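Keep in mind that this is a model prediction, so the values were computed, not measured. Convention: sequence-line order gives letters A, B, ...; per-chain numbering from 1.
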Number of protein chains: 2
Amino acid sequence: MPKVSFREQVLRAREDAIVASVNRLLAEKGFDMMTVDEVAADVGIAKASLYKHFSSKEALAAAAMIGVLDRALAHMAGLAANAEASPFDQLQAVARWTMQVQLAGQMPSLPAQNSTLRAALTSNKDYLDRLMSVSDQLGEWITAAQAAGTINTKLVPELVLYTLFARACDPVLTLLKAGGQYSDEQIIEMLLITCFNGLR
Amino acid sequence: MPKVSFREQVLRAREDAIVASVNRLLAEKGFDMMTVDEVAADVGIAKASLYKHFSSKEALAAAAMIGVLDRALAHMAGLAANAEASPFDQLQAVARWTMQVQLAGQMPSLPAQNSTLRAALTSNKDYLDRLMSVSDQLGEWITAAQAAGTINTKLVPELVLYTLFARACDPVLTLLKAGGQYSDEQIIEMLLITCFNGLR
DNA sequence: GTCTATAGCCAGATAGAC
DNA sequence: GTCTATCTGGCTATAGAC
């Protein structure tokens, strides 16, 4: 059925374009400041057409989050394939990747306190599955690093996990970048020092 | 003029009550989710009356921020009076205080990206003066600690300052608290370890 | 200065023709 | 599925009586 398949392909491409716009706008302005009108204008379609693809603004944000989690999982799978690296190195590589995404303006930022958004995310199985996968992989590396003595065993794995997640929305990164005195690489290296010396 | 003075006292008290409500609601829901109607209802006055005291929602938030900066300055003045403590200890004490305020639900949280709010704050002299005072005092302790070798000299003071500021809105704190497995004091002590071992 | 009532606006979501 | 046009609700801010 080439005709149907082609149509579906076009739809998929359009949805990908939508999610890409949402991802960028979420990174630029955050969820509350991003408007659906903006998204429609950025994609180049009418707002009503957007709602044929995604049922709400929250669904748009969820799709963007799923996208970034998929990219994170792909990156982590690449790291896991490298048998030589230590768990500590893997964790550091993940944190570095996270910061690079943020500095590139591609890390969607969601408010922690918006209840409608939280409700939408916590009831979205696709999102939760991926979040769980990321947490599981990181959790393995964390406990392995603690067993190897490279991460402080006085710090509960939960704390270490959250600390790594927090690197994805670290305001220090934004402030240093805004200062304009340091290169992206310098910023990342300094933050990796403060983060991982603190965990060691 | 006891009569006028009394009137002014009542006004002041009412404004203090307003700012206290705003502070709490900002901590609970954040700037975007907090509505002026809520503030009025919480204080127990009509919304129009609120606008006789504060000209805008942004002015309300600014007043709350000025309040917390004043409390921070008072706390730091107390620390500075203790001549025995090292600069490193002073910095740690400030971070601890910041986290305690946050865990007590009294740290107003503002979005970094709201442009109208940013404009209001960056053109508010009372706010900027206090922010500058806090930064100056922290900056002194930071350079002193670096001179004493207790803070890593490879980390530029700017980074250290931002890192300390970021403790006031650390999502790790919120997440661990939400987990409910650890006491406030345990959470704070673990976070102080990760923060200050990273700076050392 | 306090209130009730409302203006004005904007953003999320939908109706209905094509 | 796409569009134009519109609805709906909620929010900031103000008018005007007292």
* Asked: If you look only at pairs with a residue in residues 137-166 of chain A, which of them pass as a side chain to side chain donor-acceptor pair (under 3.5 Å), with sequence neighbours excluded?
  ->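 Output for this query lists A/Glu158-B/Tyr182.
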* To do: Can you tell me which residue pairs pass the side chain to side chain donor-acceptor pair (under 3.5 Å) test with a partner in residues 166-179 of chain A, sequence neighbours excluded?
  =>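 Side chain to side chain donor-acceptor pair (under 3.5 Å) check on residues 166-179 of chain A returns A/Arg167-A/Asp170, A/Lys177-A/Asp184.
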* To do: For B/Ser55, enumerate each residue passing the side-chain contact (heavy atoms from CB on, under 4.5 Å) test, keeping only those at least two apart in sequence or located in another chain.
  => B/Ala59
* **All side-chain contact (heavy atoms from CB on, under 4.5 Å) counterparts of B/Asn82, not counting sequence neighbours** => B/Glu84, B/Ala85
* Asked: Are B/Asp89 and B/Ser86 linked by a side-chain donor-acceptor pair shorter than 3.5 Å?
  -> yes
* Can you list every pair that meets salt bridge (Lys or Arg N to Asp or Glu O under 4.0 Å) and has a residue in residues 107-133 of chain A, with sequence neighbours left out? -> A/Asp70-A/Arg130, A/Lys125-A/Asp129
* Asked: Which salt bridge (Lys or Arg N to Asp or Glu O under 4.0 Å) pairs, counting each pair once, include a residue from residues 19-32 of chain B, with sequence neighbours left out?
  ->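 Salt bridge (Lys or Arg N to Asp or Glu O under 4.0 Å) check on residues 19-32 of chain B returns B/Arg24-B/Glu28, B/Arg24-B/Asp42, B/Lys29-B/Glu38.
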* To do: May I ask you to decide if B/Ala62's main-chain N or O and B/Asn124's side chain share a donor-acceptor pair within less than 3.5 Å?
  =>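 Side chain of B/Asn124 to backbone of B/Ala62: no pair is present.
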* **Outermost nucleotides of DNA chain D that come under 4.0 Å of a non-hydrogen atom of chain B** => D/dC11 to D/dA15
* **DNA chain C contacts made by residues 9-28 of chain A, counting heavy atoms under 4.0 Å** =>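 Correct list: empty, so none.
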* Side-chain contact, heavy-atom cut-off 4.5 Å: B/Ile18 with B/Ile45? ->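 Sidechains of B/Ile45 and B/Ile18: in contact.
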* **Pairwise side-chain contact, A/Ser109 with B/Gln113, heavy-atom cut-off 4.5 Å (strictly under)** =>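 Yes - at least one pair of side-chain heavy atoms lies under 4.5 Å apart.
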* Which residues pass the side chain to side chain donor-acceptor pair (under 3.5 Å) test with B/Ser56, sequence neighbours left out? ->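 Listed in chain order: nothing, the list is empty.
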* To do: Give one of base, sugar-phosphate or nothing for B/Ser56, where a contact means two heavy atoms less than 4.0 Å apart.
  =>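 B/Ser56: backbone/sugar contact only, no base atoms under 4.0 Å.
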Polar atoms only, N or O, under 3.5 Å: list the protein pairs with nucleotides 6-11 of chain C and their distances.
none

* Of all of residues 114-127 of chain B, which get a heavy atom below 4.0 angstrom from DNA chain D, listed by number? ->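 Residues of residues 114-127 of chain B under 4.0 Å from DNA chain D: none.
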Identify every side-chain donor-acceptor pair in residues 188-200 of chain A under 3.5 Å, counting partners at least two apart or on other chains, and give the distances.
from	atom 1	to	atom 2	distance (Å)
A/Glu189	OE1	A/Arg96	NH2	3.4
A/Glu189	OE2	A/Arg96	NH2	3.0
A/Thr194	OG1	A/Leu191	O	2.9

